[in-house]
Every structure is written in structure tokens, then in C-alpha cells.
Amino acid sequence: MLAVSYIEENKEEIIKRFQKRQLDVTESINNILTLDSERKNTQQLMDAELAEANSIAKEIGILFKKGNGKEANELKEKAGKLKESSAELKNKLQTIEVKLKELLFHLPNVPQEKVPQGNSELENIEISKHGNIPTFNFAPKPHWDLVKELDLIDFELGVKVSGAGFPFYKGKGAKIQRALINFFLDEAEKAGYEEVITPLLVNEASGIGTGQLPDKDAQMYHVNEDELYLIPTAEVPITNMYRDIILKEDDFPIKNCGYTPCFRREAGSYGKDVRGLNRLHQFDKVEIVQISHPSKSNEALEGMIKHVQGLLEKLNLPYRILLLCGGDLGFASAITYDFEVYSAAQEKWLEVSSVSNFESFQSNRLKLRFKNSEGKSELAHTLNGSALALPRIVAAILENNQTENGIVIPEILRTYTGFEKI
RNA sequence: GGAGAAAUGGCAGAGCGGUUGAAUGCACCAGUCUUGAAAACUGGCAUACCGAGAGGUAUCGGGGGUUCGAAUCCCUCUUUCUCCGCCA
């Protein structure tokens, strides 16, 4: 959520920047500014009436103490009338505030200057490409065939027990999951991220804080009975640890990491790239989160990119980094880099990580602030990234490392798996 | 799940219808003193919104109500604690 004061001060620039998202926000920004000035006017009127009512109430108190009941009763009548009209103003103010919030909630974040304009993923910019795409002297098999032959992952069993998109990992397939989780967590810890184990169900306020609610509620599983949501990413509980908090300047940077399963309904995505591990309702991910001083957040973003790169290089996977164009940029993000790993058998790039700077967009919803050097509270910046999401990494390892006599486990993982080959 | 008690500033803790945005202590910050520090003393020390400012408004777990006036009374929700039950 953008701050109204920010919109007011940077109106033209914001409208221009939203063109990167292919959005014309002129009208909604004008509406926001009009509503906000209405809000101010109404509040001024209401405050004036309340001030008068308050001073009358005080007078009445004094009169009663003096035993001057007659005069006090006259004042009571006056105060009663003031109460009625201020209640009307209060209603009006609430209506305005609801409308204003509605508009602000539906306005996405302002893309950074370097974000390219564009409509869809086709216009994302490839920043760099690393590693070698493997070649085979046999026809490489896609991971869904490999996992079946080797009995590593059982999709049908998942369908029976839960439904599509909820696989069982078995034997060495399960071990690889655990190995990757531990490897990712160890690397994050080395990079200065403190590990947390979070709740997997969160309340509505948390969903609003990080921007999943009120708009994308169709993407989250909802436990109606208890008004809780299953987390779509550890970003939600980790970032919400800092909701309603005022930090000190020397608390920065705050770095947390956490492994969680992630639950996504993936409503409306049927039929597209959903085979095997490519798209699941439940998957595992290690997430890294930073709370940063506004002046340092882009630097922090660079650090997170380096960290993810390090993981992919240690796993020896060919990957590329994309700078997302405005049209493909997430609702809450000001700038996002995607990491894609090459899948040899599917002959395509699979997204395995998304690293974003949300600037103050989430902080404003979260009321996550810090006292700046002048002693004033200012919104902090939030960032997060996947480091990494498991399923497509597993897919790429299986597919890229297959040989005629088995799948070779990346060297770095062998101390975690305890085996070198499947 | 049942019965009871409670929720006040960074923390502890008063207040239980009327100059209470809130005593007091601790913590913290600044000043005096000191070569420096400690101690002592003096002052400051919540958040948001409105206002150029003076200042105003709201907030004592959340929401609603009674009243001219609510931290204080009522309703409701949430959370915590104690006891009982259940349970990895």
C-alpha cells in the first residue's frame, strides 16, 4: 500500500512509472487525492465539534462540583446536540476512510526506474546466463518418468490421499528433499540469516500485511472454521513477525530465513506447465527475508541475488537471471529478479526463485517503522527471496544429472544425502 | 472442552465516572557536577491524524454501548494465567 503523502508528492512520477505495468492510474490517483482531502476536511470539522463537546463536559463537571445543577443541565442539552452532529461526521469520515483504503489496497507498488516496461513474461530481460547446458548421447527423460521408474516421488498416491498436486516423496526421493532443505538453511545461516520455524497457518491481519489479502485470497487455502489461512510462502509469517513494530536504526539489517511447506490453490492455472513437479499445491521452500533501512534496500537486494546465485552454482545447475518487466511484476514488488534453471529433458527454463524489494509497500500495511536520526518514525523496507524452492530444483537435478546408469547427486549434497547416485 | 481470574506507557505498577494521556519506580536520552565515569540533582521520554504554528482529535487488549463526561459501568470478541478434563 502506498502512502497518500507519497502519492501526493510524486503524483506525476508515479503515473509515469505505472506505465511500466501498462497501467493508467491517473483516475484512481485523482480519486485518492480527492477522497483524502475530503477526509481531512471532515476530520477537521469533527475534531472541532468534539473539542467543543469536551470542553463543555469539563465545564459541567466543574458546575456539578460547585452544586450549580441548573446551569449544568442547560449545558447538557447543548452537549447532546453536539454529540448528534459529531456522530454524523464520524459516520461520514468512516465511509470516506473505507473508500480510500479500498482504492489504496488495489493500487500496486510503483516499479523502480530500472524496471523495463512490458506486458508479460515475454518482455522480461535476461540479465545473465551461467553454467553449461548438459548434452546427452541418449534421449534424456523428463523427471516425471525418472521419479516413477526409480520410485522417488508418487503422484498417484498423492491423488488418492489428498488430490492432484500433493505428491508423496519416497525413500531417496524424500532424502533429497531433506538434504536440499538442510543445505539451503546452512547456506543461509552462513550468510547471516537467522533461522525461524514459523506457524504454517496465519490470521487475516498477516495476509493483509504482506499483500496476499484482500486481493489474492483465492490463492490461499482458507480454514473457515478458525479464520486462518495456510501460508503460500514463509514470507508471510516471517515478515509479519515485524508487524506493528518500531525498530531502532541500528537494528538494521534484519535477516531471517526459514524452511516451510508452502500451500497454493493455484486456482485458474490448470493445464499450463503443471506436469510433475512443475506446479504443486504443496511444496517445500527455504525463504530469506530482510528488513532494511530505506537507503540500503537495493544493496540488500544485490546481496540476496548473490546468495541465490551461490546456491545454484554450488548445485552446479545452469541458470539465468531475469529482470521482470512491469507487466510481470508482482502486486507488492518494486523490483523483482527471477532465477530460472534449465531443465534438460523438458528443454525449458524453470523458475526456482524470485527475489524482490518491496520498499515500503508492505511496511506501510504492516506498520513496520523505525526511528530515524531525527527521532521521527519512518517506514522500513522489506525484501524477500526464495533460496530456494525445492520442486523444480529437484526436477532439474534429476533431469540434468541423469546418466545411463543412474542419477548423479551434486557433490555438495552428498554429505547431506549420504549417497552419490540413485 | 468446563470453572474462575486478568489485560494500563519499553518494563513493573497505581487509578475503578469528572482538569488522568494517565501517579510512582525502573530503564532510556539530554544537561549540571566530575579529569572521565558512577552517584546526586534538573529536564525530557507513546502512537496516529489534522494544523504554518499555537494547538486540536483519537487511542489504557480489539469492537460496540450507557453517559454531558469512561482507563473506570454494560455487551461482545481475542489473548494470558490458575484449576479440572483430554492429548503428542
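No experiment lies behind these values; they were computed from the predicted model shown. Lettering follows sequence order; numbering is per chain, from 1. Quick note: numbers below take in every heavy atom, side chains included, and nothing from hydrogens, waters or symmetry partners.
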Under a 3.5 Å cut-off for both contacts, is [N] paired Watson-Crick or G-U wobble with anything, and if yes, with which nucleotide?
{"N": "B:C60", "result": "none"}
{"N": "B:G4", "result": "B:C81"}
{"N": "B:G18", "result": "B:C68"}
{"N": "B:C26", "result": "B:G10"}
{"N": "B:A38", "result": "none"}

Just N and O in the side chain of A:N54: are any of them under 4.0 Å from OP1 or OP2 of B:A58?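 True: A:N54 side-chain N/O within range (under 4.0 Å) of B:A58 OP1/OP2.
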Examine B:C50: is either OP1 or OP2 under 4.0 Å from a nitrogen or oxygen in the side chain of A:R39? Give yes or no. yes
Residue among A:F331, A:Y6, A:F105 satisfying ring-ring contact (aromatic ring centres under 6.0 Å, His included) with A:F361: A:F331
Which sits closer to the 5' end of RNA chain B, A:Q44 or A:D47, going by the nucleotide each is nearest to?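 It is A:Q44, whose closest nucleotide lies nearer the 5' terminus.
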Pair A:N240, A:R243: side-chain N/O donor-acceptor within cut-off below 3.5 Å: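 Side chains of A:N240 and A:R243: pair found under 3.5 Å.
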Assess the side chains of A:Y221 and A:H281: does a donor N or O sit below 3.5 Å from an acceptor N or O?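 Present: a donor and an acceptor within the cut-off.
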Distance check, C1' atoms only: B:U19 and B:C11, in whole angstrom units.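 Nearest-Å result for B:U19 against B:C11 at atom C1': 29 Å.
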